[in-house]
Amino acid sequence: MYELLKKDGSAKRGRFHTPHGAIETPVFMNVGTAAAIKGAVSAPDLMEIGCQVELSNTYHLHLRPGDEVVYQMGGLQRFMNWERPILTDSGGFQVFSLAALRKIKEEGVHFRSHIDGHKIFMGPEESMQIQSNLASTIAMAFDECPPIPASREYVEKSVARTTRWLARCQAEMARLNQQERTINKRQLLFGINQGGIYADIRIEHAKQISQMELDGYAIGGLAVGETHAEMYEILEKTVPYLPLEKPTYLMGVGTPENILEAVERGVDFFDCVYPSRNGRHGHVYTNQGKLNLFNAQYETDDRPIEEGCGCPACRKHSRSYIRHLLKAKEMLGMRLCVLHNLYFYNTMMAEIRQAIEAGEFLSYKRKKQDNFQRGGSF
RNA sequence: GGAGGGGUUCCCGAGCGGCCAAAGGGGGCAGACUGUAAAUCUGUUGCUUUAUGCUUCGAUGGUUCGAAUCCGUCUCCCUCCA
C-alpha cells in the first residue's frame with residue numbers, strides 16, 4: 001500500500017508498505033542482478049550504506065543458480081541474507097539488452113542463454129513463476145523494452161503486446177499467490193508503461209494499465225538512446241496519467257541529475273547500474289561532480305573521495321590509496337568505490353525526501369545541480 | 001681461452017634490404033558505460049612548425065638509389081666446452 005505523505009509541486013514524498021517492511025520514497029534501489037551487488041558488496045554492507053531495497057533479475061537468476069535452487073533455499077531474502085524488500089526485474093530488459101540472442105513471439109520470448117547457448121523460453125507466466133520462486137517483495141511485469149529509435153508502427157505493436165502480457169502476468173500472479181507452496185503469498189506486481197518517445201502512445205498505454213489495479217506503475221524503455229530532454233518530456237507527459245495513489249518507478253535511471261529531474265516530475269522509485277558499474281570502473285560521485293580515480297591527478301591526492309562523506313571508503317581511505325588499489329586490480333579498490341557511490345545515491349535520496357517534506361525540493365535541486373556543474377557535470 | 005646465441009620504441013617481444021616510426025602483448029594516458037552478457041569496451045602512446053619533415057632498432061665505420069634488416073670493428077649480455 002502506498003501512502004502519499006507530502007507533495008511539493010509534482011514531487012512526491014511517500015511510504016510504500018510491503019510485507020517485508022516500509023520503503024521511504026523517493027528511493028533508489030541498489031542493483032544486484034545476480035543476487036549480489038557486483039564489487040564484493042554484501043547484504044550487511046548494504047545495511048551500512050543505507051540501502052532500502054535491493055534489486056535482482058529474473059532472467060539471470062533463472063539461468064544461474066536456477067530459481068528452483070533459490071526456492072529450495074527459502075527464497076531470495078534468505079538466500080542472500082537480506083531482510084528488507086527486494087524487487088525482481090522480469091527479464092523484460094534482457095529482451096532489449098540480449099536482442100541478438102532472442103526472438104519475440106506472442107506467447108513470449110525465446111532466448112538463447114548468453115552463458116552456454118541453450119534455448120530458454122520466457123513468457124509472462126514463466127516470468128511470474130520464476131519471480132514467485134525467487135519470492136521477491138515486488139515482481140515486475142514481463143514486458144518488451146523496445147529500442148530507441150524504433151518506428152511508430154513497431155512501438156505500437158510492441159506496446160499492445162506488452163499490455164496483453166501484463167494481463168497474463170496479473171492472472172498468473174493471482175494464481176501463484178494462492179498456491180500452497182508459494183513462499184511469499186503477498187508478492188506485489190508492478191506494471192510497466194512503454195511507448196518509446198511517442199508521447200501519445202505512452203499516455204494511451206498509461207491510461208490502460210492504470211485501470212488494471214496493479215501495486216505500482218513503472219515507466220520503462222527510457223534512457224535507451226533518447227536525449228535527456230526527450231526523456232524529461234516523456235515523464236512530464238506520462239506520469240500524470242499514472243495513479244497518484246500508487247508508486248511510480250522509472251526503470252534503469254539514472255544519473256543524479258536524471259533522478260532530480262524525475263523526482264520533480266513525480267517519480268518515486270529508481271534503479272540504475274551506474275553507481276555500481278561506474279564504481280567498479282573507478283568513477284566516483286561527489287557533490288562537485290564525478291571523478292575518475294584512474295586519472296593521474298589523483299596519484300598523490302591524500303584527500304578522501306569527498307570531504308565529510310560518511311561512507312566506509314571516505315572515512316578511512318585517500319584517493320591516492322584507492323587509485324593504487326584500482327590500478328593494481330585489487331578487489332578492495334572496486335569495492336570501496338561501489339560502496340561510496342551507493343552511499344552517495346542513498347544519501348542523496350534521503351536529502352531529497354527531507355527537502356520534499358520541508359517543501360523545499362526545487363531549491364534543493366537547484367543547489368545540488370549548481371554544485372554538480374561546478375566540477376563538471378555527470 | 002674455444003664454440004654458439006643475442007642486444008628493437010617505457011617493458012616484453014615480432015620484424016631480417018624498400019609497403020617500418022616499426023606487428024602483438026604489457027604498462028602509461030584518456031574516454032565510454034542509464035530495468036548489468038561489462039572487474040568490460042574504445043582510443044591513444046618517439047619529436048615537431050603535421051611534412052614527399054626530423055630523430056629512433058647496443059656503438060661506430062662501410063656496402064646500397066635505399067639498412068632495424070647485409071659487411072667490418074668495438075661493446076655488453078646469455079648458453080655450452082676447456
Side-chain angles (χ1 to χ4, degrees), chain A residues 28-41 53-61 63-64 87-102 111-117 120 127 131 136 138-148 162 190-194 216 218-228 231 249-259 261-262 267 269-283 285 290 292-299 323 325-338 341 345 376 378:
Chain A
F28 178 80
M29 300 186 282
N30 297 205
V31 180
T33 301
I37 278 72
K38 294 184 196 297
V41 176
V53 192
E54 193 272 346
L55 186 148
S56 290
N57 182 274
T58 300
Y59 169 88
H60 289 283
L61 290 173
L63 288 192
R64 204 164 42 189
L87 181 144
T88 40
D89 186 31
S90 60
F93 186 69
Q94 279 60 47
V95 179
F96 166 79
S97 65
L98 302 177
L101 299 174
R102 55 66 174 160
F111 288 98
R112 273 203 335 262
S113 160
H114 69 280
I115 300 167
D116 63 9
I120 304 147
S127 177
Q131 295 187 71
S136 55
I138 301 166
M140 294 306 300
F142 188 65
D143 66 333
E144 183 198 348
C145 171
I148 294 176
T162 287
F190 281 20
I192 304 173
N193 171 259
Q194 291 289 355
I219 296 173
L222 288 178
V224 292
E226 80 286 11
T227 64
H228 284 177
M231 174 167 88
Y249 164 26
L250 177 55
M251 304 185 79
V253 174
T255 66
E257 185 81 42
N258 292 159
I259 290 175
E261 294 293 338
V267 175
F269 281 58
F270 298 90
D271 81 280
C272 188
V273 304
Y274 266 160
S276 48
R277 183 183 289 165
N278 277 332
R280 271 177 281 131
H281 297 171
H283 290 224
Y285 294 87
K290 205 167 70 174
N292 179 354
L293 288 184
F294 275 98
N295 289 171
Q297 59 176 305
Y298 304 115
E299 189 172 25
R323 176 180 139 92
L325 295 175
L326 289 166
K327 299 214 71 130
K329 298 184 166 62
E330 286 293 339
M331 213 187 326
L332 180 59
M334 285 189 274
R335 179 177 140 79
L336 291 173
C337 290
V338 173
N341 282 350
Y345 267 67
F378 293 121

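In what follows, chains carry the letters A, B, and so on, assigned in the order in which the sequence lines appear, proteins first and then strands, with residues in each chain numbered from 1. Since this is a predicted model, take the numbers as computed values, not measurements. Reckoned from all heavy atoms, side chains included, excluding hydrogens, waters and symmetry mates.
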Contacts under 3.5 Å, N or O only, protein and nucleotides 37-39 of chain B:
unit_1 : atom_1 : unit_2  : atom_2 : d
A37(B) : OP2    : S97(A)  : OG     : 2.4
A37(B) : O5'    : H60(A)  : NE2    : 3.0
A38(B) : O2'    : R280(A) : NH1    : 3.1
A38(B) : N7     : R277(A) : NH2    : 3.0
A39(B) : OP2    : R280(A) : NH1    : 2.3

Practice prompt. Answer with yes or no after comparing the ring centroid distance for F93(A) and H60(A) against a 6.0 Å cut-off, counting only values under it.
Written response: no
Worksheet item: For U40(B), which nucleotide is its Watson-Crick or G-U wobble mate, given both distances must be under 3.5 Å?
Response: A32(B)
Practice prompt. Counting Watson-Crick and G-U wobble pairs only, both distances under 3.5 Å, name the nucleotide matched with G24(B), or none.
Written response: C12(B)
Worksheet item: Across all strands, who's sitting opposite U56(B) as a Watson-Crick or G-U wobble pair, both distances under 3.5 Å?
Response: none
Worksheet item: Is N57(A) touching bases, backbone alone, or none of the nucleic acid, heavy atoms closer than 4.0 Å?
Response: sugar-phosphate
Atom pairs and distances, donor-acceptor, side-chain atoms in residues 328-338 of chain A, under 3.5 Å, two or more places apart:
unit_1  : atom_1 : unit_2 : atom_2 : d
R335(A) : NH1    : A40(A) : O      : 2.9
R335(A) : NH1    : D45(A) : OD2    : 2.5
R335(A) : NH2    : D45(A) : OD1    : 3.4

Worksheet item: OG1 of T58(A) to CE of M140(A): how many Å apart, nearest 0.5 Å?
Response: 10.0 Å
Worksheet, complete the sentence: By the Watson-Crick or G-U definition, both distances under 3.5 Å, U79(B) is matched with A3(B)
Worksheet item: Using the C1' atom in both, what is the distance from A32(B) to A38(B), to the nearest Å?
Response: 12 Å
Worksheet, complete the sentence: Of F28(A), Y274(A), F270(A), the one forming a ring pair (Phe, Tyr, Trp, His ring centres under 6.0 Å) with Y345(A) is F28(A)
Worksheet entry | Given G35(B), U36(B), C29(B), the nucleotide with the shortest approach to the side chain of R323(A) | C29(B)
Worksheet entry | Pair assignment for U63(B), Watson-Crick or G-U wobble, requiring both distances under 3.5 Å | none
Worksheet item: What residues, two or more places apart in sequence or in another chain, satisfy side-chain contact (heavy atoms from CB on, under 4.5 Å) together with S113(A)?
Response: L63(A), I115(A), D116(A), H118(A), I120(A)
Worksheet item: Checking all strands, does N292(A) fall into the base, sugar-phosphate, or nothing category for heavy-atom contacts under 4.0 angstrom?
Response: sugar-phosphate
Discussion item. What's the closest nucleotide to the side chain of D89(A) if the choices are G35(B), A30(B), C33(B)?
Written reply: G35(B)
Practice prompt. Using modelled atom types only, decide if a donor and an acceptor are shared between the side chain of Q131(A) and the backbone of S136(A) within a distance under 3.5 Å.
Written response: no
Practice prompt. Please measure how far the C1' atom in C47(B) lies from the corresponding atom in A22(B), and state the result in whole Å.
Written response: 16 Å
